[in-house]
Asker: 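Just passing along the structure, written as structure tokens.
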Amino acid sequence: MYQHRFITSLAALTDSERASLSGESPFSSLEWLEALELSGCVGDETGWLPYHLSVYDNEVLVALLPGYIKLHSYGEYVFDWAWAEAYERHQLAYYPKWICAIPFTPVVGSRILSSQPVSDLLYDYVTAALHQAAGQQGWSGWHINFPAHRAGWQAQSLMERHGVQFHWKNHGYGQFDDFLNAMTSRKRKTIKKERKAVASQALTIRWYQGAEVGDDIRQAFYQCYAITYLKRSGHQGYLNEAFFQRIFDTMASQVAIVCAMEHDKIVAASLYLHDQDTLYGRYWGALQSHAHLHFELCYYQGIEYAIRHGLARFDAGAQGEHKLARGFEPVTTYSYHHISHPDFALAIKDYLVREQAHMAVYRSQCEASLPFKDQ
């Protein structure tokens, strides 16, 4: 029979327990999650308090849900600020809440880490454990963001929420021109014009992977990232230099950086991760402005990389309708929610039904705007 407990640090896991856990993307790996903890990107100071649900069978760890007690809703990308405001208007506390998610990373992936297939019985047990904890600890509810496997959560009578992201799909392209040739003439010309503008600026574009990412490249990338975030948001980003240094060390085989250089100096860079079938473009920054360079480093270089390496999909990050014109297709994302207060649960459920209908229309409109010839 299953047992469970919550752990406040992945450092509590033994080597044998670590070997029993696996995720389906770089972001669901213990290396990624532990880098967040060891660098201080999650913790008391950031309002992401690690509170991972670990499940045991006869005292042997069989599953772990990366979870956090949240005191705000920053960095989640499933936006529930309006829910928190409604609680506040009724003089109720929406925080703390518990969330199973990858902090600051809206990427679909495993949310129950296990080396074995997750059974219906385990989903039932996890749901009961979280309901119990919510009642005992006064959480307004608990949430599962961007899970890759939905059927187990759908069977738990949770509220389902839909969103839309834009992903590039490899329809058997052999080279970048094959991708362009699938587009209408006008859209194809626009992309060629943007890439030509970058080429005319005397910039050298170069990829660095694995052991090629030395300290100089790491530091240059982080400088670009932090400065760009500071200009845009007034802070240096959710992720600090210690975090990036750690993933470069522990996940080198899955990390790549593409840089733009001017006179051998890096002036812009974009960081990518990959697994067996998907490329993930996550973080970008530039020290100076160059026309269309963001599109080149964050989209076109990524598409070329995916084609070159035979990857099926390229997830370039959340939101961004401008991706449609560049061949990124709309996909539906999912999250699952339990709200403890019965009246608020009814109101939010009604809202989500209407939101789902809106998202379906929005996705259809996006599909109609795709630049391909057969659209």
Side-chain angles (χ1 to χ4, degrees), residues 7-46 48 50 52 64 66 68 75 101-107 109-110 113 115 206-229 235-261 265-266 268-285 287 297-298 301-302 305 309 311 315-317:
I7 60 175
T8 58
S9 171
L10 294 172
L13 299 174
T14 67
D15 290 342
S16 61
E17 288 175 335
R18 290 168 181 271
S20 70
L21 304 174
S22 63
E24 295 179 344
S25 81
F27 310 99
S28 300
S29 68
L30 291 179
E31 290 84 0
W32 183 273
L33 294 168
E34 197 157 35
L36 291 169
E37 292 186 11
L38 294 174
S39 64
C41 292
V42 299
D44 292 344
E45 294 185 1
T46 65
W48 286 80
H52 311 301
L64 183 138
Y68 303 86
I102 309 302
F104 325 118
T105 308
V107 171
S110 298
L113 308 187
S115 60
R206 181 175 172 182
W207 283 86
Y208 296 88
Q209 300 185 81
E212 296 176 333
V213 183
D215 289 340
D216 55 339
I217 305 299
R218 301 180 190 187
Q219 292 167 4
F221 160 75
Y222 182 72
Q223 183 183 23
C224 291
Y225 165 83
I227 287 176
T228 299
Y229 234 110
H235 60 87
Q236 292 185 328
Y238 290 123
L239 303 174
N240 57 31
E241 188 170 7
F243 168 81
F244 287 112
Q245 288 182 342
R246 186 164 183 86
I247 65 164
F248 291 144
D249 290 337
T250 61
M251 303 176 64
S253 64
Q254 294 181 284
V255 175
I257 295 178
V258 61
C259 299
M261 298 177 164
K265 178 186 177 183
I266 294 175
S270 186
L271 184 144
Y272 290 81
L273 290 96
H274 59 84
D275 53 31
Q276 292 184 341
D277 65 2
T278 303
L279 179 68
Y280 305 91
R282 308 320 303 167
Y283 311 108
W284 134 274
L287 302 182
L297 294 192
C298 296
Q301 285 292 324
Y305 184 100
H309 292 271
L311 300 176
D315 172 355

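Residue indices begin at 1 and follow the sequence shown.
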Asker: Rounded to the nearest 0.5 Å, what separates atom CG in Leu271 from atom SG in Cys298?
Answerer: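 Taking CG in Leu271 and SG in Cys298, the distance rounds to 10.5 Å.
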Asker: So, for Trp284 and Ala268, which heavy atoms are closest and what is the spacing to 0.1 Å?
Answerer: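 Shortest heavy-atom separation between Trp284 and Ala268 comes out as CZ3-CB, 3.9 Å.
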Asker: Check whether any side-chain heavy atom of Trp48 lies under 4.5 Å from a side-chain heavy atom of Leu36, and answer yes or no.
Answerer: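 Heavy-atom side-chain distance check fails, nothing below 4.5 Å.
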Asker: What pair of heavy atoms forms the shortest contact from Ser22 to Ser115, and how long is it?
Answerer: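 So the two residues come closest at OG-CA, 3.8 Å.
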Asker: If you measure from CG on Leu287 to CD on Gln223, what distance do you get to the nearest 0.5 Å?
Answerer: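 Between Leu287 CG and Gln223 CD, I get 5.0 Å after rounding to 0.5 Å.
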Asker: Taking only residues at least two apart or on different chains, which pairs with a member in residues 273-282 satisfy side-chain hydrogen bond (donor to acceptor under 3.5 Å, both in side chains)?
Answerer: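 Checked against side-chain hydrogen bond (donor to acceptor under 3.5 Å, both in side chains) - neighbours excluded - the pairs reaching residues 273-282 are Asp275-Tyr280, Thr278-Arg313, Arg282-Asp315.
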Asker: Are side-chain heavy atoms of Val107 and Ile102 found at a separation under 4.5 Å?
Answerer: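 Side-chain contact under 4.5 Å: no.
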Asker: May I have all residue pairs that pass salt bridge (Lys or Arg N to Asp or Glu O under 4.0 Å) and include part of residues 33-45, sequence neighbours excluded?
Answerer: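 Counting only pairs at least two positions apart or across chains, the salt bridge (Lys or Arg N to Asp or Glu O under 4.0 Å) contacts touching residues 33-45 are Arg18-Glu34.
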Asker: Can you tell me if Ser270 uses its side chain to pair, donor with acceptor, with the backbone of Val258 under 3.5 Å?
Answerer: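 It does not hold such a pair.
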Asker: Determine whether Pro50 and Leu10 make a side-chain contact, defined as any pair of heavy atoms from C-beta on separated by less than 4.5 Å.
Answerer: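 No, too far: nothing below the 4.5 Å cut-off.
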Asker: Between Thr14 (side chain only) and Glu17 (backbone N and O only), is there a donor and an acceptor less than 3.5 Å apart?
Answerer: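 Yes: the side chain of Thr14 pairs with the backbone of Glu17.
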Asker: List the residues meeting side-chain contact (heavy atoms from CB on, under 4.5 Å) with Ala252, not counting sequence neighbours, and say none if there are none.
Answerer: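 Here no residue qualifies.
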Asker: Can you tell me how far apart CG (Leu311) and OH (Tyr305) are? Round to the nearest 0.5 Å.
Answerer: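 Interatomic distance, Leu311 CG to Tyr305 OH, rounded to 0.5 Å: 7.0 Å.
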Asker: Counting C-beta onward and ignoring hydrogens, is there a side-chain heavy-atom pair between Trp32 and Gln254 closer than 4.5 Å?
Answerer: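 Not in contact.
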Asker: Please report the closest heavy-atom contact between Tyr222 and Leu239, naming both atoms and the distance.
Answerer: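 Shortest heavy-atom contact: CE1-O, 3.8 Å.
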Asker: Partners of Ile7 by side-chain contact (heavy atoms from CB on, under 4.5 Å), sequence neighbours excluded?
Answerer: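 For Ile7, the residues satisfying side-chain contact (heavy atoms from CB on, under 4.5 Å) (neighbours in sequence not counted) are Leu13, His52, Ser54, Leu64.
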Asker: To check you understand the geometry: which heavy-atom pair defines the closest contact between Thr105 and Pro103, and what is its length?
Answerer: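 Shortest heavy-atom contact: OG1-O, 2.9 Å.
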Asker: First locate atom CH2 of Trp207, then atom CD of Gln301, and finally report the distance between them rounded to the nearest 0.5 Å.
Answerer: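 Rounded to the nearest 0.5 Å, the CH2-CD separation comes out at 6.5 Å.
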Asker: Check whether Thr228 reaches the backbone of Tyr225 with its side chain - one donor and one acceptor, N or O, closer than 3.5 Å.
Answerer: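 Absent.
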Asker: Name the one of Phe244, Tyr238, Tyr272, Phe221 that satisfies ring pair (Phe, Tyr, Trp, His ring centres under 6.0 Å) with Tyr283?
Answerer: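 Output: one option passes, namely Phe244.
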Asker: Would you give the length of the straight line joining atom OH of Tyr68 to atom OG1 of Thr46, rounded to the nearest 0.5 angstrom?
Answerer: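 Here the rounded value is 9.5 Å.
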Asker: Please list, chain by chain and in numerical order, all residues satisfying side-chain contact (heavy atoms from CB on, under 4.5 Å) with Ala35, sequence neighbours excluded.
Answerer: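 Applying side-chain contact (heavy atoms from CB on, under 4.5 Å) to Ala35 gives Phe243, Arg246, Ile247.
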Asker: Identify the heavy atoms of Ile266 and Cys259 that sit nearest to each other, and give their distance.
Answerer: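 Nearest pair, atom of Ile266 first, then Cys259: CD1-SG, 3.8 Å.
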Asker: Is Thr250 reaching over with its side chain to a backbone N or O of Glu31, donor-acceptor style, under 3.5 angstrom?
Answerer: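 The answer is no, because no donor-acceptor pair under 3.5 Å joins these two groups.
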Asker: Write out all pairs satisfying salt bridge (Lys or Arg N to Asp or Glu O under 4.0 Å) with one or both partners inside residues 214-227, taking only residues at least two apart or from two chains.
Answerer: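 Every salt bridge (Lys or Arg N to Asp or Glu O under 4.0 Å) pair that includes a residue of residues 214-227, provided the two are not neighbours, is Asp215-Arg218, Arg218-Asp249.
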Asker: Which heavy atom of Ser28 sits nearest to which heavy atom of Leu33, and what is that distance?
Answerer: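 Closest approach of Ser28 to Leu33, heavy atoms only: O-CD1, 4.1 Å.
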Asker: Would you compute the distance between atom CG of Leu279 and atom CG of Leu273 and round it to the nearest 0.5 angstrom?
Answerer: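 That separation rounds to 8.5 Å.
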